[in-house]
Amino acid sequence: MQQHTDALILQVVAAVPAGRVASYGQIARLAGLGRAARRVAAALRRANSQPPPPWHRVLRSDGRLGLPVGSAGWHEQIQRLRSEGVAVIDGRVDLRQYLWSGGDGDQSDRDDLDSLLWRLQE
DNA sequence: AGCCCGGCTTTAT
DNA sequence: AATAAAGCCGGGC
C-alpha cells in the first residue's frame, strides 16, 4: 500500500543529482502526490532501502533543513551536503543556486528528469 | 467517522 | 526578515 508510494518517492529522491537539492513539496509533485509534502518526509524517515536514498538533498521550501536544528541528523545532513559541494550557511542553503531544475540554472538536469518521469509514468 | 500528529507549504501579520 | 496561523495529505488509534 504505502509501500508503493514510498518506493515511488524514494525513486524520485534518488533522481536528485549530487550537488543539487530539492524541496519536499517538489518531490511530492514529481511523484504525482500533489501537496503531500509531509508524506515525503515520512517516507524518508522510514526509508530503509538498501542503498539508502540521498535524503540529505531534500530540504524545506525556504532552504532550511527539515530536521530539528542542532539535532544529530541536522548536523549529518549539513555535513553530507557540504561534502557534495553544497554551501550550507547558518543552517541554510541558497535555493536560487542549488535547487534542482527548479529555477533556470543549467538545464542539463532536465533530460534526466524527463526520462525519469516517463519511466514512472506507467 | 473523528482527532491528533508529522524531517511541509503558503499566506498573512 | 521573522513568526504565527491556516491548509494540505496520509497514517495510526
Side-chain angles (χ1 to χ4, degrees):
Chain A
M1 308 277 179
Q2 89 185 69
Q3 280 285 359
H4 177 268
T5 56
D6 274 11
L8 192 56
I9 291 172
L10 295 183
Q11 288 185 63
V12 177
V13 170
V16 181
R20 285 282 171 87
V21 298
S23 79
Y24 295 95
Q26 184 181 5
I27 298 293
R29 276 197 311 271
L30 290 179
L33 297 175
R35 305 176 177 180
R38 308 190 80 142
R39 175 113 237 312
V40 173
L44 286 180
R45 192 167 55 112
R46 302 198 53 182
N48 52 346
S49 56
Q50 250 327 306
W55 57 275
H56 55 282
R57 304 192 190 135
V58 187
L59 313 175
R60 290 198 192 171
S61 59
D62 62 1
R64 283 182 260 183
L65 315 201
L67 277 55
V69 178
S71 68
W74 185 81
H75 287 297
E76 182 181 351
Q77 185 165 19
I78 290 180
Q79 186 176 343
R80 289 187 178 225
L81 287 172
R82 285 185 173 153
S83 71
E84 289 184 351
V86 176
V88 184
I89 299 161
D90 209 29
R92 236 163 136 195
V93 170
D94 187 347
L95 295 183
R96 292 175 304 187
Q97 192 173 169
Y98 295 103
L99 187 63
W100 175 42
S101 305
D104 39 10
D106 277 335
Q107 302 180 339
S108 47
D109 299 328
R110 212 62 200 231
D111 297 322
D112 288 342
L113 174 58
D114 287 345
S115 53
L116 171 72
L117 289 180
W118 276 121
R119 263 190 290 124
L120 296 177
Q121 198 82 60
E122 54 174 325

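Here is how names work: the chains are called A, B, and so on, in the same order as the sequence lines, proteins then strands, and each is numbered from 1.
Remark: P of B:dC8 and CZ of A:R38 are 6 Å apart, rounded to the nearest angstrom. A:Q26 places its CD atom 18 Å from the P atom of C:dC9, with the value rounded to the nearest Å. Between the CZ atom of A:R39 and the P atom of C:dC8 there is a distance of 19 Å, rounded to whole Å. Whole-Å rounding puts the A:D62 CG to B:dC8 P distance at 10 Å. Taking atom CZ of A:R35 as the reference point, atom P of C:dC8 lies 7 Å away to the nearest angstrom. We find that CG of A:L59 is positioned 16 Å from P of B:dG7, with the value rounded to whole Å.
Using N1 to N3 plus N6-O4 or O6-N4 for Watson-Crick, or N1-O2 and O6-N3 for G-U wobble, each under 3.5 Å, B:dG7 pairs with nothing. Of all nucleotides present, only B:dA12 satisfies the Watson-Crick or G-U wobble test against C:dT3, with each distance under 3.5 Å.
The environment of A:Q79 atom CD is sparse: at most 12 non-hydrogen atoms of other residues, nucleotides or ligands sit within 6.0 angstrom.
Within the structure, a side-chain polar atom (N or O) of A:S61 is placed less than 4.0 Å from OP1 or OP2 of B:dT9. The phosphate of B:dC8 has OP1 or OP2 within less than 4.0 Å of a side-chain N or O from A:R60.
Ion pair A:D62/A:R64 flagged as a salt bridge, since at least one NZ, NE, NH1 or NH2 atom sits closer than 4.0 Å to an Asp/Glu carboxylate oxygen. Between A:R80 and A:E84, no side-chain nitrogen of the basic residue sits less than 4.0 Å from a carboxylate oxygen of the acidic one, so the salt-bridge criterion is not met.
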Practice task
Begin from the C-alpha positions of A:R57 and A:Y98 and carry the test side-chain contact (heavy atoms from CB on, under 4.5 Å) through to its verdict.
Solution key: CA-CA 10 Å; A:R57 304 192 190 135; A:Y98 295 103; over 6 Å; no

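A:V58 comes within 4.0 angstrom of a base, heavy atoms only. Within 4.0 Å of A:S23, counting heavy atoms only, lie sugar-phosphate atoms of the nucleic acid but no base atom. Here A:W74 lies out of heavy-atom contact (under 4.0 Å) with every strand.
Annotation: B:dA1 and C:dC13 have their C1' atoms spaced 13 Å apart (nearest Å).
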